[in-house]
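In what follows, a single structure is set out as structure tokens and then discussed.
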Amino acid sequence: MEDDFEFEFAEDPKLSVERYEEMIRNQDQYFFDALAFENIVDYYIDKNDPIKGLQVIEYAVSQHPFAAIFHIKKAQLYVFTNEIDLAFESLEKAELLEPSDADIYMIKGNIYESMERHDDALENLKKALEMAEIKDEVLMQISFVYQNMGDYEEAIKYLKLCLENNMENQDALYEMAFCYDVLDKQEESILFYEQYIDSEPYSFAAWYNLGNAFHKLSLFEKAIDAYDYAILIKESFASAYFNKGNALVQLDRFNEAIEVYRQTFEYEPPNADTYCAMGECYEKLEKMDEARSFYKKAVKMDTKMADAWYGIGVTLDFEDRHFESLHFYKKALNIDDENPDYWFAIADAHYKLNNLTESVIAYEKVIEFNPLDVEAWLDYSSIVFEQNDLKKCVEIIAEGIKNNPDSADLYYRFVAYLFADGQYNEALNQLQIALSTDVEKHFLLFEYLPQLQSNKVIVDIINSYSK
């Protein structure tokens with residue numbers, strides 16, 4: 001029997017699976033060598049069928065009782081089925097048979113990490129590191145543990161070690177970018193990637209991450225150059241095209257951005273994010289029909305894309321279709337009800353429709369979610385001013401100044417409201433603060449209350465600061 005039914009690893013793995021399944025159908029007992037069994041187990045793992053994988057392992061252990069690999073595979077399957085105690089039992093058996101197998105400690109480390117037992121995870125992963133022939137994967141896992149512990153400096157240290165072991169580990173390059181981003185150390189990130197590129201000039205992933213670091217520092221021209229190098233090395237790198245488009249948008253080069261976004265479609269199917277980005281470019285170019293068309297394509301692909309619903313509203317508002325725009329702003333708000341931009345748009349639309357009460361409510365939401373929005377404080381107070389509630393106007397701007405103490409625009413408006421309310425001494429005090437903050441903006445006071453231009457005291461104070 002053994003001569004007839006011993007199947008060697010050299011044969012096609014698919015054939016091993018077919019013969020194994022034939023053995024099960026025939027309720028027979030064939031002999032497979034250990035490597036053939038490994039192939040069969042891996043086949044069922046790939047098929048996402050842990051039950052059959054465990055059945056194969058039972059046969060494999062009966063024929064190869066001293067092979068640690070099957071106990072390791074069993075542990076992996078038990079982890080997959082969330083039977084952690086059984087996974088540990090299998091790893092203990094594997095350790096008795098082959099205590100120097102790095103995979104045992106790698107799996108243990110990953111289990112402990114899933115249980116948030118970081119110290120135990122590190123102990124096992126570092127043991128695996130000592131034994132592993134190929135070390136970069138273990139170093140990556142150690143880095144993940146440190147990331148989960150919030151120690152990103154240590155995570156970077158292990159990612160650098162990972163790349164020393166395997167300069168082509170792209171996952172490590174992306175993780176490095178993430179860690180530097182969390183630490184807000186873009187300059188260090190740039191230095192690292194530039195040094196890396198000196199050694200590996202054809203790494204598209206390194207150029208891409210360098211571009212992202214430049215982008216975060218608002219060095220958009222440099223970002224575009226880096227993305228271009230990434231694209232030159234890997235023409236089909238859709239993410240590099242997309243991010244290059246984003247950088248062009250930041251430079252107001254909207255026509256170029258549209259063409260770059262369009263290039264992503266050559267290498268990946270169109271998606272809602274790209275359609276929305278193209279819609280925004282057309283909107284900035286004031287081509288509202290085209291903008292609306294792309295925003296509609298975006299929401300057709302992803303009904304939860306709030307920015308695209310908002311974009312449709314913006315295009316309608318531009319065409320003075322304020323009532324229609326409200327419908328789309330509200331659709332965006334239903335998805336993200338704490339977005340101050342959506343509340344601002346709703347406030348503005350209600351104001352244009354003379355729905356002043358609704359506008360005030362919306363402006364209150366804007367400053368609740370973004371108290372640093374100076375424009376919102378000014379607009380909110382203007383509506384209240386129109387309703388002749390000067391006391392409330394003064395209160396609103398005073399609160400705005402607490403949140404934005406360096407805003408000359410708010411101080412000049414504050415002066416205007418204080419004068420209008422008859423609080424002349426306080427108005428003059430605030431005028432001096434406004435002038436100290438930004439004398440060049442004193443025209444804002446006259447813009448809001450033109451009659452103050454004939455007030456000699458005010459003009460004299462302004463002149464004294466202008467000299």
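In what follows, every heavy atom counts, from backbone to side chain, and hydrogens, waters and symmetry copies are set aside. Nothing fancy with the numbering, it's 1 onward along the sequence.
- The six-membered or imidazole ring of Y267 lies away from that of F237, with a centre-to-centre distance of 6.0 Å or more.
- The local environment of NZ in K300 is sparse, with at most 12 non-hydrogen atoms from other residues, nucleotides or ligands closer than 6.0 Å.
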>> Run the side chain to side chain contact (heavy atoms under 4.5 Å, CB included) test on E164 and C162 for me, step by step, so that the C-alpha distance in whole Å, both residues' side-chain angles and the decisive distance to 0.1 Å come before the verdict.
In response: CA-CA 5 Å; E164 283 175 22; C162 173; over 6 Å; no
> Should D389 and Q387 be marked as a side-chain hydrogen bond (donor to acceptor under 3.5 Å, both in side chains) after you check the CA-CA gap, both sets of side-chain angles, and the distance that decides it?
Replying inline: CA-CA 6 Å; D389 192 342; Q387 296 171 319; over 6 Å; no
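- Contacts of N124 classified as side chain to side chain donor-acceptor pair (under 3.5 Å), with partners at least two apart in sequence or in another chain: none.
- Test Y193, F214, Y229, Y202 against W207 for ring-ring contact (aromatic ring centres under 6.0 Å, His included) and you get one pass: Y229.
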>> Run the side-chain hydrogen bond (donor to acceptor under 3.5 Å, both in side chains) test on E154 and Q147 for me, step by step, so that the C-alpha distance in whole Å, both residues' side-chain angles and the decisive distance to 0.1 Å come before the verdict.
In response: CA-CA 8 Å; E154 199 68 11; Q147 286 185 49; over 6 Å; no
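- Partners of Y424 by ring-ring contact (aromatic ring centres under 6.0 Å, His included), not counting sequence neighbours, listed by chain and number: F419.
- The local environment of CD in E440 is sparse, with at most 12 non-hydrogen atoms from other residues, nucleotides or ligands closer than 6.0 Å.
- When the shell of 6.0 Å around CD of E235 is examined, it contains 12 or fewer heavy atoms from other residues, nucleotides or ligands.
- In this structure E168 satisfies the side chain to side chain contact (heavy atoms under 4.5 Å, CB included) test together with N166, sequence neighbours excluded.
- Counting all heavy atoms, side chain and backbone alike, L173 lies closest to A206 at CD1-N, 4.0 Å.
- When all heavy atoms of G109 and A121 are compared, the pair lying nearest together is O-CB, 3.3 Å.
- The side-chain heavy atoms of E375 and V366, taken from C-beta on, include no pair separated by under 4.5 Å.
- Between Y180 and F192, the ring-plane angle classifies as tilted under the 30° and 60° cut-offs.
- Between the S381 side chain and the W377 main chain, a donor and an acceptor come within less than 3.5 Å of each other.
- Between Y227 and H215, the ring planes lie tilted relative to each other; the angle falls in the 30° to 60° range.
- When the shell of 6.0 Å around CZ of F323 is examined, it contains 12 or fewer heavy atoms from other residues, nucleotides or ligands.
- With sequence neighbours left out, the side chain to side chain contact (heavy atoms under 4.5 Å, CB included) criterion links T303 to no other residue.
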Acceptor/donor pairs from residues 339-348 side chains to any protein atom, 3.5 angstrom cut, sequence neighbours excluded:
from	atom 1	to	atom 2	distance (Å)
N339	OD1	D341	N	2.9
N339	OD1	Y342	N	3.4
N339	ND2	D336	OD2	3.4
Y342	OH	D307	N	3.4
Y342	OH	D307	OD1	2.5
W343	NE1	D337	O	2.9
D348	OD2	K352	NZ	2.7

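- Counting non-hydrogen atoms of other residues, nucleotides and ligands closer than 6.0 Å to CD of E137 gives a total of 12 or fewer.
- Residues E188 and I156 are not in side-chain contact: their nearest non-hydrogen atoms beyond the backbone lie 4.5 Å or more apart.
- Stacking of K244 on the aromatic ring of Y241 is not recorded, the 6.0 Å distance cut-off and the 45° axial limit not both being met.
- Side-chain atoms of Q263 and E259 form no donor-acceptor pair, as typed in the model, at a separation below 3.5 Å.
- Look at E368 and K365 and you find a salt bridge, because one of the NZ, NE, NH1 or NH2 atoms lies within 4.0 Å of a carboxylate O, short of that distance.
- For the side chain to side chain donor-acceptor pair (under 3.5 Å) test, no residue two or more places apart in sequence or in another chain qualifies with S239.
- The two residues L378 and R413 have their closest heavy-atom pair at O-NH1, 3.1 Å.
- No side-chain donor-acceptor contact under 3.5 Å links T437 to the backbone of A408.
- When side chains are defined from C-beta on, L125 does not count as touching L139, because their heavy atoms never get closer than 4.5 Å.
- Between M106 and A128, the shortest heavy-atom contact is N-CB, 3.8 Å.
- For Y282 and F294, the ring centers are positioned less than 6.0 Å apart.
- Scanning for salt bridge (Lys or Arg N to Asp or Glu O under 4.0 Å) contacts around D289 gives R292, with sequence neighbours left out.
- A salt bridge links K441 with D409; the closest basic N to acidic carboxylate O contact falls under 4.0 Å.
- Here the CG atom belonging to L285 is positioned 9.5 Å from the CG atom belonging to D252, to the nearest 0.5 angstrom.
- Identified under the side chain to side chain donor-acceptor pair (under 3.5 Å) test for residues 444-456, with sequence neighbours left out: S382-Y448, Y417-Y448, K456-D460.
- With a 6.0 Å cutoff to the six-membered ring centre and a 45° limit on the axis angle, K331 does not count as a cation-pi contact of F328.
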> Would E283 and Y295 count as a side-chain hydrogen bond (donor to acceptor under 3.5 Å, both in side chains) if you check the C-alpha gap in whole Å, the side-chain angles of each, and the deciding distance to 0.1 Å?
Replying inline: CA-CA 10 Å; E283 177 199 317; Y295 285 137; 2.6 Å; yes
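- Contact record, Y261 with F242: CE2-O, 3.4 Å, taken as the closest heavy-atom pair.
- Y411 and D438 form no side-chain donor-acceptor contact under 3.5 Å, judged by distance and modelled atom types alone.
- Under the 3.5 Å distance criterion, the side-chain polar atoms of D373 are matched with a main-chain donor or acceptor of A376.
- The backbone N or O of Q432 lies less than 3.5 Å from a partner atom in the side chain of S436, making a donor-acceptor pair.
- Among residues two or more places apart in sequence or in another chain, the side chain to side chain donor-acceptor pair (under 3.5 Å) test is passed with E153 by K185.
- With sequence neighbours excluded, the residues forming a side chain to side chain contact (heavy atoms under 4.5 Å, CB included) with E200 are M167, Y196, S203, listed by chain and number.
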> Can L418 and I397 be said to form a side chain to side chain contact (heavy atoms under 4.5 Å, CB included), step by step?
Replying inline: CA-CA 10 Å; L418 289 167; I397 294 297; over 6 Å; no
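- When atom types are taken as modelled, the side chain of S464 and the backbone of I461 share a donor-acceptor pair closer than 3.5 angstrom.
- The pair E221-R253 meets the salt-bridge criterion, with a side-chain N (NZ, NE, NH1 or NH2) lying under 4.0 Å from an Asp/Glu carboxylate O.
- Listed by chain and number, the residues in a salt bridge (Lys or Arg N to Asp or Glu O under 4.0 Å) with R117 are D120 (sequence neighbours excluded).
- Interatomic distance, NZ of K157 versus SG of C179, reported as 14.0 Å (0.5 Å rounding).
- Note on E395 versus K392: no salt bridge recorded, every NZ/NE/NH1/NH2 to OD/OE distance being 4.0 Å or above.
- Residues passing the salt bridge (Lys or Arg N to Asp or Glu O under 4.0 Å) test with K216 are D181, sequence neighbours excluded.
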> Does the pair Y174 and N209 meet the rule for a side-chain hydrogen bond (donor to acceptor under 3.5 Å, both in side chains), with working shown?
Replying inline: CA-CA 7 Å; Y174 289 110; N209 284 306; 5.0 Å; no
